[in-house]
Amino acid sequence: MNAAVQLLETVIPASVELEVEVPARHPSAALLGTTRHGSGVFFDASGLILTANYVVVGGSSITVRTADGQQWSGRKVVQDFLTGLAVVSIDHEASVPALPLSSSAGLQKGEDIFLVAAVTDNGRRVHDGVVSAIEPFTAFWEYRLQRAIFTTAPNPGFGGGALLDRYGQVRGVVLLDVGEIGRLSLIAPVDELAEKREQFLHNREALGRKPRGWLGLFCYALRNHLVVAGVVPESPAELAGLRAGDVLLAIEDRVVHERDELYDELWARSPGEHVRLRVYRDRQVHDLLVQLGDAEKFFS
């Protein structure tokens, strides 16, 4: 018990609450709101904070609050749409308490973990549990993690909080509540930031990533078909005429039944490329020509 208390005494001072204001005209405002509250954690004594990308995307102002009531303004340093992580820096020159990052490579199913998050009125809450699964996760918003972490611990507060191991190392960032039995929280691992820190923060071209095509749709699988649940306003999908309720049959000549198949086809192409989507709507098959976009530029 004493060891657990000592660990929390180290962790809590490094956790922060983020309050983000987003202009109503920003593309993310209609989806995520104009005022957002999130969690984060200092991982560098200079004031670098790790959080979830969706918390700060589109933010015109960021307020950072520590558990002891200190408050600073923040600025975005990195928004990474591939991993779902973001890095924020505070406007403050003094050293802050920070926690070490560690790759999830050594994390095992059944290992003890705990989640720390900010809650209303700048409080903090902790939930403990174990790793219940480490496996791929494909989302309905054109996002996929090859190595997603699921835990038996529910998210204790605002999204963006840290997943920590029993040594107080940050292994991941809480993205959302899954709500499945034994798989209550979805965590994005911090592997790339932990292993390639300088490139991730300062020289992203050195990561060797290729820009990938983006439609701006939300979709789900139903009876071996992909159904469009909605589209992002002013996205390539909306501009091409894609609608909620459309059944997506094929991209170019490849028939798609699952989100993974669709995403593989999209991400093999570059922003600016034109592709033909075949959809079923009102008992008819339609072909739509779409010019793929770049999500990072669209939401910048």
What distance separates D177 CG from R183 CZ, expressed to the nearest 0.5 Å? 13.5 Å
Among the clusters formed by ILVMFWY side chains lying less than 4.5 Å apart, do L262 and V290 turn up in the same one? yes
Where the side chain of R204 meets the backbone of F200, is there a donor-acceptor pair that is under 3.5 Å apart? yes
In this structure, NE2 of H202 is separated from CZ of R197 (nearest 0.5 Å) by 8.0 Å
Please state whether the rings of F150 and F137 are parallel, tilted or perpendicular, taking 30° and 60° as the class boundaries. perpendicular
How about D191 and S104: does a side-chain donor come under 3.5 Å of a side-chain acceptor? yes
Verdict with reasoning, E17 to H37, per side chain to side chain contact (heavy atoms under 4.5 Å, CB included): CA-CA 7 Å; E17 178 194 358; H37 292 271; 3.2 Å; yes
Are L99 and V11 packed together at the side-chain level, in the sense that at least one heavy-atom pair is separated by less than 4.5 angstrom? yes
Looking at C219 and L226, what are the two nearest heavy atoms and their distance? SG-CD2, 4.3 Å
Could you tell me whether the side chain of Q71 reaches within less than 4.5 Å of the side chain of T63, counting heavy atoms only? yes
I'd like to know whether L215 forms a side chain to side chain contact (heavy atoms under 4.5 Å, CB included) with L277, so could you lay out the CA-CA distance, the side-chain angles of the two residues, the decisive distance to 0.1 Å, and finally the verdict. CA-CA 11 Å; L215 278 175; L277 299 179; 4.2 Å; yes
For a side chain to side chain contact (heavy atoms under 4.5 Å, CB included) check, start with the C-alpha distance between L201 and L48, then their side-chain angles and the critical distance, and finish with the verdict. CA-CA 10 Å; L201 294 175; L48 293 180; 3.9 Å; yes
Say whether V227 and L266 are linked into one hydrophobic cluster, either directly or through other cluster members, by side-chain heavy-atom distances under 4.5 angstrom. no
Which heavy atom of I149 sits nearest to which heavy atom of V131, and what is that distance? CG2-CG1, 4.2 Å
Any donor-acceptor pair under 3.5 Å from T66 side chain to Q70 backbone: yes
Would you compute the distance between atom OG of S102 and atom CD of E195 and round it to the nearest 0.5 angstrom? 9.0 Å
Would the distance check show the side chain of D246 and the main-chain N or O of L248 forming a donor-acceptor pair, the cut-off being under 3.5 Å? no
Would you find a donor on one side and an acceptor on the other, under 3.5 Å apart, between the side chain of T34 and the backbone of A29? no
Identify the heavy atoms of Y167 and L7 that sit nearest to each other, and give their distance. C-CD1, 4.0 Å
Which pair of non-hydrogen atoms, one from E238 and one from V232, has the smallest distance, and what is that distance? CB-O, 3.8 Å
Going through the checks in order, is the side chain to side chain contact (heavy atoms under 4.5 Å, CB included) test met by R281 and V228? CA-CA 11 Å; R281 176 196 302 164; V228 177; over 6 Å; no
Is it true that a side-chain atom of H127 and a backbone atom of A153 form a donor plus acceptor pair closer than 3.5 Å? no
Can you check whether S270 reaches K210 side chain to side chain, under 4.5 Å on heavy atoms? yes
Pairwise side-chain contact, V96 with I90, heavy-atom cut-off 4.5 Å (strictly under): yes
Quick check: closest heavy atoms across L186 and A148, and the distance to 0.1 Å? CD1-CB, 3.7 Å
At what distance, to the nearest 0.5 angstrom, does CD1 of I113 lie from CD of Q108? 14.0 Å
Identify the residue among E296, K76, Q79 that makes a side-chain contact (heavy atoms from CB on, under 4.5 Å) with V57. Q79
Any sub-3.5 Å donor-acceptor pair from E273's side-chain atoms to L292's backbone N or O? no
Are the aromatic ring centres of Y54 and W141 under 6.0 angstrom apart? no
Would you call the rings of W214 and F299 parallel, tilted or perpendicular, where under 30° means parallel and over 60° means perpendicular? perpendicular
Mind checking whether L85 and I187 sit in one hydrophobic cluster, side chains of I, L, V, M, F, W, Y counted as touching below 4.5 Å? no
Answer whether the closest heavy-atom distance between the side chains of Q291 and P236 falls below 4.5 Å. no
So, D44 side chain and S46 main chain: donor-acceptor pair closer than 3.5 Å or not? yes
For N122, enumerate each residue passing the side-chain hydrogen bond (donor to acceptor under 3.5 Å, both in side chains) test, keeping only those at least two apart in sequence or located in another chain. R124
In this structure, would L176 and F158 fall into the same cluster of hydrophobic residues linked by side-chain contacts under 4.5 Å? no
Note: R269-E252 ion pair, threshold 4.0 Å (strictly below): no
Does R283 count as lying over the ring of Y280, i.e. NZ or CZ under 6.0 Å from the six-ring centre, within 45 degrees of the axis? no
Of all residues at least two apart in sequence or in a different chain, which pass the salt bridge (Lys or Arg N to Asp or Glu O under 4.0 Å) check with R276? D253, D287
Is there a donor-acceptor pair closer than 3.5 Å between any side-chain N or O of S39 and the backbone N or O of A118? yes
If hydrophobic clusters are built by linking Ile, Leu, Val, Met, Phe, Trp and Tyr wherever their side-chain heavy atoms come under 4.5 Å apart, do V116 and V41 end up in the same one? yes
Any side-chain heavy atom of I134 within less than 4.5 Å of one from K109? no
Is the count of non-hydrogen atoms from other residues, nucleotides or ligands lying under 6.0 Å from R125 atom CZ greater than 12? no
Is there a side-chain contact between V279 and R243 (heavy atoms, below 4.5 Å)? no
Could you state the interatomic distance from CZ (R171) to CG (L107), rounded to the nearest 0.5 Å? 5.0 Å
Taking side-chain contact (heavy atoms from CB on, under 4.5 Å) as the definition, give me every residue that meets it alongside A194, ordered by chain and number, with sequence neighbours left out. L101, V190
T83 side, atom OG1; N53 side, atom CG - distance, nearest 0.5 Å: 7.5 Å
State, with a plain yes or no, whether a side-chain heavy atom of E192 is found less than 4.5 Å away from one of Q199. no
Could you check whether E21 and S61, counting side-chain N and O atoms only, form a donor-acceptor pair closer than 3.5 Å? no
Have a look at D264 and tell me which of R144, R212, R254, R259 forms a salt bridge (charged side-chain N to carboxylate O under 4.0 Å, His left out) with it. R144
How far apart are the closest heavy atoms of D165 and F114, and which atoms are they? O-CE2, 3.4 Å
Verify, without hydrogens or angle tests, whether T152 (side chain) and G129 (backbone) share a donor-acceptor contact under 3.5 angstrom. no
